[in-house]
Amino acid sequence: MHTNQSYKNVNGFHMFYREQGSGVPVILIHGFPLTGDIWKSQIEVLSSKARVIAPDLRGFGKSEVTDGTYFMELFAHDLKILLDELGIEKAVLAGISMGGYIAFAFHKLFPSSVRALILLDTKPGADSEQGKKGRFDLAQKARSGKMEQIADEWAGRLFAPSTTKTRPDVVRTVRDAIFHTSPEAIANASLGMMERQDSTPLLREISCPVLIMTGDHDRIAPVEEAQAMAAGIKGSRVEVIENAGHLTCLEAPEQVNSLLLDFLSRV
Ligand code: MLT
């Protein structure tokens, strides 16, 4: 099946998105500092059962770069407008890492538009003081053009050791994608994450079906945090993906896809 690629004018910028399949709408929200390309395998597989939409968030990939801090709520508004433009009232939101932070913001703002949530390699809490400083420093580093360093550091922390060893092509593709990301988008989104709200109080209000998964080697959203998050959301549990780091959708696509298909068959 062919993936359609198109743009919509959304919230004052051109948003690029991929779309394939028909049925229940599923929005795949990528992480930082990546693009919707990370979902290639999920688009292929899930589109046999669902209408899959994978945008590039503002500033990333083929979407236009805009000025100002990219608050999680801003990304959420962008996605809501994209859904409206596509005639979708209610969707399954699947967010990985920063995509999960955005899914929480979306649920807070537009709960009736959420049919189900899929939370991959993410966590509900806000940044610690040290974490905030790291975000600020990253924004400065991006603005001073240190993209080689940023790409190497980020690619170095995203993957499980076995991925690094056996799938250097995946690591290289992600590293190159980060290197080619707009420094301004990296700075704006980093400052947006720095400012993000604690979504922990939201957890007990979530009543839609929720699937949580995380890699056993995820150092950014570790298994314990995913388990604490599941404990806070009624009826949810964590699927731990073995030999995967922070990018489960790329590192363990078969396992992730089969969990997603099973979940979607039940929502
Ligand atoms: C991501 O993958 O989106 C980022 O690692 C999220 C973060 O830095 O908190």
Side-chain angles (χ1 to χ4, degrees), residues 27-39 42 54-61 63 69-76 78-79 93-106 117-142 149-160 163 170-171 173-175 177-179 181-183 185-200 212-215 217-226 228-229 241 244-252 256:
I27 312 300
L28 303 175
I29 315 170
H30 66 78
F32 171 90
L34 300 167
T35 75
D37 282 343
I38 61 165
W39 300 112
Q42 285 71 42
D56 286 348
L57 296 167
R58 119 178 3 233
F60 294 92
S63 286
T69 302
Y70 297 172
F71 296 102
M72 300 304 104
E73 292 76 11
L74 180 65
F75 283 134
D78 295 344
L79 292 176
L93 300 189
I96 186 161
S97 197
M98 182 180 79
Y101 311 158
I102 297 167
F104 287 132
F106 188 102
L117 279 176
I118 301 167
L119 302 166
L120 303 96
D121 304 283
T122 195
K123 53 194 175 190
D127 281 347
S128 63
E129 282 314 307
Q130 196 194 349
K132 285 187 204 288
K133 185 176 177 312
R135 303 284 190 202
F136 186 80
D137 293 347
L138 175 60
Q140 301 283 91
K141 212 185 264 183
Q149 197 188 332
I150 292 174
D152 290 338
E153 277 174 13
W154 275 84
R157 74 170 73 135
L158 294 175
F159 298 100
T163 309
V170 172
V171 178
T173 304
V174 165
R175 189 253 170 228
I178 298 173
F179 178 71
T181 301
S182 148
I186 291 200
N188 295 343
S190 188
L191 296 177
M193 286 193 284
M194 179 179 95
E195 298 285 347
R196 79 183 187 284
Q197 307 287 309
D198 179 8
S199 292
T200 313
I212 299 173
M213 58 180 111
T214 198
H217 284 82
D218 190 335
R219 284 173 279 165
I220 298 173
V223 173
E224 307 78 62
E225 293 210 40
M229 174 164 75
I241 313 289
H246 189 56
L247 292 183
T248 46
C249 60
L250 278 176
E251 297 182 74
V256 168

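On a predicted model such as this, the values are computed, not experimentally measured, just so you know. In listed order, ligands and their atoms are each counted from 1.
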Next on the checklist: List the residues meeting side-chain hydrogen bond (donor to acceptor under 3.5 Å, both in side chains) with Lys123, not counting sequence neighbours, and say none if there are none.
Outcome noted: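 Lys123: no side-chain hydrogen bond (donor to acceptor under 3.5 Å, both in side chains) contacts found.
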Item to check | By side-chain hydrogen bond (donor to acceptor under 3.5 Å, both in side chains) - contacts of His246 (at least two apart) | outcome: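 His246: side-chain hydrogen bond (donor to acceptor under 3.5 Å, both in side chains) contacts with Ser97, Asp218.
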Checklist entry - Do you know which of Leu74, Thr35, Ile102, Leu34 makes side chain to side chain contact (heavy atoms under 4.5 Å, CB included) with Leu57? => result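 In the set Leu74, Thr35, Ile102, Leu34, the residue that makes a side chain to side chain contact (heavy atoms under 4.5 Å, CB included) with Leu57 is Ile102.
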Item to check | Residues lining ligand 1 [heavy-atom distance under 4.0 Å, listed by chain and residue number] | outcome: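 Ligand 1 is contacted, at a heavy-atom distance under 4.0 Å, by Gly31, Phe32, Ser97, Met98, Tyr101, Arg135, Trp154, Met193, Ile220, His246.
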Item to check | Check: Val256 main-chain N/O paired with Thr248 side-chain donor or acceptor under 3.5 Å | outcome: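 Checking the backbone N and O of Val256 against the side chain of Thr248, no donor-acceptor pair under 3.5 Å is found.
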Item to check | Any donor-acceptor N/O pair, Thr181 side chain to Ile178 backbone, under 3.5 Å | outcome: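 Yes, Thr181 side chain to Ile178 backbone: donor-acceptor pair under 3.5 Å.
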Next on the checklist: Does anything in residues 126-136 form a salt bridge (charged side-chain N to carboxylate O under 4.0 Å, His left out)? List the pairs, not counting sequence neighbours.
Outcome noted: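 Matches after skipping sequence neighbours: Asp127-Arg135, Asp127-Arg196, Lys133-Asp137.
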